[in-house]
Amino acid sequence: MQENLVIVESPAKAKTIEKFLGENFLVKSSYGHIRDLAKKNLGIDIEHNFLPEYIVSDDKVKVVQELKSLVKKAKVVWLASDEDREGEAIAWHLSEVLGLDSSKTKRIVFHEITKDAIQNAIKNPRNVDLNLVNAQQARRILDRLVGFELSPLLWKKVKPSLSAGRVQSVAVRLIVEREREIMAFQQTSSFKVSGIFEPNAKEYQLKAELDKRFDGKAQAQDFLQRCIGASFSISNVDKKPGKRSPAAPFTTSTLQQEAGRKLGYSVSQTMTIAQKLYEAGLITYMRTDSVNLSDTAIKAAQKAVVSMFGADYHNARQYKTKAKGAQEAHEAIRPTYMENSTIEGTNQEKKLYELIWKRTLASQMSDAITEKTTITIGAPSLAEKFIAAGEVVKFDGFLKVYKESADDESAEDEAEVLLPPIKVGEAQNAIEISAIQRYSQRPPRYAESSLVKKMEELGIGRPSTYAPTISTIINRGYVIKEDRAGYEREFESLILKKGKITEKLSKENYGAEKSKLFPSDIGMLVTDFLSEYFGNIMNYDFTAKVEKDFDVIAEGKLKWEEMIRKFYQNFHKDVEQTMENSTPTKGERTLGVDPKTGKVVSVRIGRFGPIAQIGSSDEEPVYAGLLKGQLIETITLEEALKLFDFPRNLGEFEGKVVQVGIGRFGPYVKHASKYVSIPKTDSPGEISLERAVELIEAKRKADIEKVIQIFAGDPEIQVLNGRFGPYIAYDGANYKIPKGTDPKLLTADECVALIKSQASTVKPKSKGKAAAKKSSEKASTKKSATKAKSTAKTTAKKAK
DNA sequence: CAGTGAGCGAGCTTCCGCTTGACTT
């Protein structure tokens, strides 16, 4: 029997540590926090000095039970949760819940999982730091107060089931404000001039840009005119050495950004894949804000760099974490074994691993040495000058393995330009000089990863919450992640060639978006509402400010109850006053008058989303839902009136009417009481009968392909092709087909057997939402279905 | 899944940060 029980937060970590500690230590995991504020009411007794009511979380009851029994058998309990505010609180909750006697309890910390670090920790135990615990309690209670007082305000004044919080509401604000910047953006254009030059002997060509742009076409034209007959020559050559340094090893946020930019992963995808790598022991912990590498890792990287590229390429570096509010409980994200440049696993896992491996390796490599050459070309008759710039990498250093990507996709990829040896004074002939109209760029919309970057800069949210926060604001309908088609615009070019200027009008596409975050009407409405009445909480500095208070509490120089009281006094007063004085808001906006009826046209948020309305509410108005991408804030009268053209008859097909309409899920074509969605690339206002028939036929084909098998004896049982591959549908529920089974060869009897062997994985279609959520566990596989779960299962079945 | 948008009233929703699975048609 082990005399020592060590409790860490993560089970994967427990496994590793057990190996380092030897037989006399049993290492278990708490699976994160084990207790939280009670969910009913506030979970905080405001009358009694904000006394928190903590309850063991449902999914932790078993964990706590097991730990309790192990504690009884142990002589010493080592609380080894993470070395940060939350970790300290976990240690404290554990000692409270497990009833740990301080004489047999020791608190230890380490922020790297190496044998030395852990044995060192065991040699230097301390007590739970109650000041740090109190700082966590203040954080927790503040978040609960803000979330549970603001959300009900929104239910009452805006719409039920909405939510507000210190983190999510500010994240939404970022997206809303960016959208408004884009709305307010005034596009301007100017003429950018570039030239291609060649010396008399024609041994090379130089592409150079003019040092100024022209606002108008006339000026550009005038300049090209002045270039005719000008005698160009090299007026200056300037060489400057430069260097580039590698980026720091990955934190959660930078990993999410680079995986998004380089691999196209969403933030939550990146985290799921990283979790797999972590559990397989391939990388260190993936939720971290630290760029720190352990000495062991730095040495391993050195070995790898030197053996692969030679000593010249190595440069040991230790990076400093700059992120606001970083707690640095863990190392940076790095491979556990630097010698593994690739791994076994899925393609996605391999790619993410290689990204991490390269980034880590590069962080321990030499700077790249470059040389920048700037060549100036001028003519005596011209005040303006052409500049050709080139950069040559003299020594590649870390660039051999890794180059960081940029968010700004418009930043032209500065390809390496090798400039020929050039003498000052050498005459040049202008082969071609062109002036091209270029537009100013609007601010970019946020992608998931650039939002995370911004949040980290502001100190809002933590590595463990970036991905869930994005899910929350999308699920609440505040934000929509989608693609948008771009627009076409014209631009002019003036080209001087062989002494003649020609003009050209061309078209280009701009503004197309892929997987970007757009605010919804409700997101804008809630942001405005909260900003009006709770400016302090919506302030980008709010988190940073309260963090300062938490730090003072952690130092023992401020009582947490004092801090909370001071905050709550004003906050609660604002909540009460807003509840009383503000009028419910639907974001209503009047657009004008309908020329047909003379009635007022307005838009607002209705029960099922944004709607347009003709006529005021006391004169039997007509309604139409807004289309995807349309906003209450920006829709025009003309666009709104178009919405009332639906449903519209397009004509007949196979003797039945073809209709185009707009439903809850967007525009659709209806034919013979069947519906087909109209893809985004088509405009429902202009769709033709031919196109509609095309869609109907495509849908029919897809429906046929959907059915793999139907059995003559049992028409109830169907083998279908779904989003996740083939499955069996029977009696409104769906069943899995085991891997390796050919769905085409299944017999009816085999299907029945599969149906019987699997508890229904689905959904009484009625109202049993809560029940459906908890139901379904494959009875056969998992070793012990808990009692609670099996009861839930029967309820779910009955609910049907 | 897809023509909805009244009004009443009961009962419910909700936060942020630690952790994993369970599960998706």
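Below, read A as the first sequence line, B as the second, and so on, with proteins coming before strands; counting in each chain starts at 1.
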Interface with DNA chain B, restricted to residues 464-476 of chain A and to heavy atoms under 4.0 Å: S464(A), T465(A), T472(A), R476(A)
Quick one: are the ring centres of F534(A) and F529(A) less than 6.0 Å apart? no
For F148(A) and dC15(B), are the ring centres under 5.5 Å apart with planes inclined under 30°? no
In whole angstroms, how far is the P atom of dG21(B) from the CE atom of M271(A)? 15 Å
Any luck finding a side-chain donor-acceptor pair between R648(A) and Q659(A) under 3.5 Å? no
Looking across every strand, which nucleic acid part, if any, lies under 4.0 Å from A164(A) by heavy atom: base, sugar-phosphate, or nothing? sugar-phosphate
Is the shortest side-chain N/O distance from Q168(A) to OP1 or OP2 of dC16(B) below 4.0 Å? yes
Answer with yes or no whether the side chains of E88(A) and Q136(A) bring together a donor and an acceptor at under 3.5 Å. no
Return yes if the base of dC18(B) and the side-chain atoms of R287(A) contain a donor-acceptor N/O pair under 3.5 Å, otherwise no. no
Output yes when a side-chain donor or acceptor of D84(A) lies under 3.5 Å from a complementary backbone atom of A329(A), and no otherwise. no
Numerically ordered, the residues 37-45 of chain A set in heavy-atom contact under 4.0 Å with DNA chain B is K39(A)
Just to be sure I understand the rule, does I34(A) reach a base, reach only the sugar-phosphate, or reach nothing, if contact means heavy atoms closer than 4.0 Å? nothing
Between E149(A) and G32(A), just flag the one whose closest nucleotide in DNA chain B comes earlier from the 5' side. E149(A)
How long is the line joining CG of L643(A) and P of dG3(B), in whole Å? 17 Å
Main-chain N/O of I632(A) paired with R604(A) side-chain donor or acceptor, under 3.5 Å: no
Contact check, side chains of I55(A) and R35(A), non-hydrogen atoms, under 4.5 Å: no
Polar side chain donor-acceptor pair, Y278(A) to S10(A), under 3.5 angstrom: yes
Looking only at side-chain atoms of Q275(A), point me to the closest of dT20(B), dT13(B), dC18(B). dT20(B)
Nearest-angstrom distance from the residue atom OH of Y278(A) to P of dT19(B): 8 Å
State which of dC16(B), dT14(B), dT19(B) makes the closest approach to the side chain of R140(A). dC16(B)
If I take atom CG in residue D58(A) and atom P in nucleotide dA22(B), what distance separates them, rounded to the nearest angstrom? 16 Å
Checking contacts here: which listed nucleotide (dC18(B), dG21(B), dC15(B)) is nearest the side-chain heavy atoms of R462(A)? dC18(B)
Classify the ring geometry of Y285(A) against H330(A): parallel below 30°, tilted from 30° to 60°, perpendicular beyond 60°. tilted
Side-chain donor-acceptor contact under 3.5 Å, T543(A) with R166(A): yes
Could you pick out which residue, K159(A) or Y675(A), lies toward the 5' side of DNA chain B when each is mapped onto its nearest nucleotide? Y675(A)
Could you state the CG-C1' distance from D143(A) to dC18(B), rounded to the nearest angstrom? 13 Å
Of the candidate nucleotides dT19(B), dC16(B), dT20(B), which contains the atom at the shortest distance from the side chain of V167(A)? dC16(B)
Presence of donor-acceptor pair under 3.5 Å, side chain of S163(A) and base of dT14(B): no
Looking for any heavy atom pair under 4.0 Å, which part of the strands does G461(A) touch: base, sugar-phosphate only, or nothing? sugar-phosphate
Hey, does D59(A) reach any base, or is it just sugar-phosphate, or nothing, if we go heavy atoms under 4.0 Å? nothing
List the steps, then state whether side chain to side chain contact (heavy atoms under 4.5 Å, CB included) holds for Y533(A) with V575(A). CA-CA 8 Å; Y533(A) 298 103; V575(A) 171; over 6 Å; no
Would the base of dC16(B) count as contacting R144(A) through its side chain, where contact means a donor and an acceptor less than 3.5 Å apart? no
Are dT13(B) and W155(A) stacked, with the base six-membered ring and the side-chain ring centres under 5.5 Å apart and planes under 30°? yes
Classify P11(A) by what it touches in the nucleic acid, base, sugar-phosphate, or nothing, heavy-atom distance under 4.0 Å. sugar-phosphate
Could you check whether S161(A) and R476(A), counting side-chain N and O atoms only, form a donor-acceptor pair closer than 3.5 Å? no
Classify the nucleic acid contact of F646(A) as base, sugar-phosphate or nothing, counting any heavy atom under 4.0 Å across all strands shown. nothing
Under a plain distance cut-off of 3.5 Å, with no hydrogens placed, do E328(A) and H111(A) share a side-chain donor-acceptor pair? no
It should be established whether R85(A) places a side-chain nitrogen or oxygen under 4.0 Å from OP1 or OP2 of nucleotide dC16(B). no
On a heavy-atom basis, the closest approach of F148(A) and K39(A) is CE2-O, 3.8 Å
Counting only side-chain nitrogens and oxygens, does S677(A) get under 4.0 Å of the OP1 or OP2 atom of dA2(B)? no
Find the distance R35(A):CZ to dC16(B):C1' and express it as a whole number of Å. 17 Å
Think R139(A) has a side-chain N or O under 4.0 angstrom from the OP1 or OP2 of dG17(B)? no
Could you state the CD-P distance from E88(A) to dG17(B), rounded to the nearest angstrom? 18 Å
How long is the line joining CD of E279(A) and C1' of dT19(B), in whole Å? 11 Å
Would you say the side chains of S163(A) and Q168(A) form a donor-acceptor pair under 3.5 Å? yes
Mind listing the residues from residues 538-547 of chain A sitting with a heavy atom below 4.0 Å of DNA chain B? Number order is fine. none
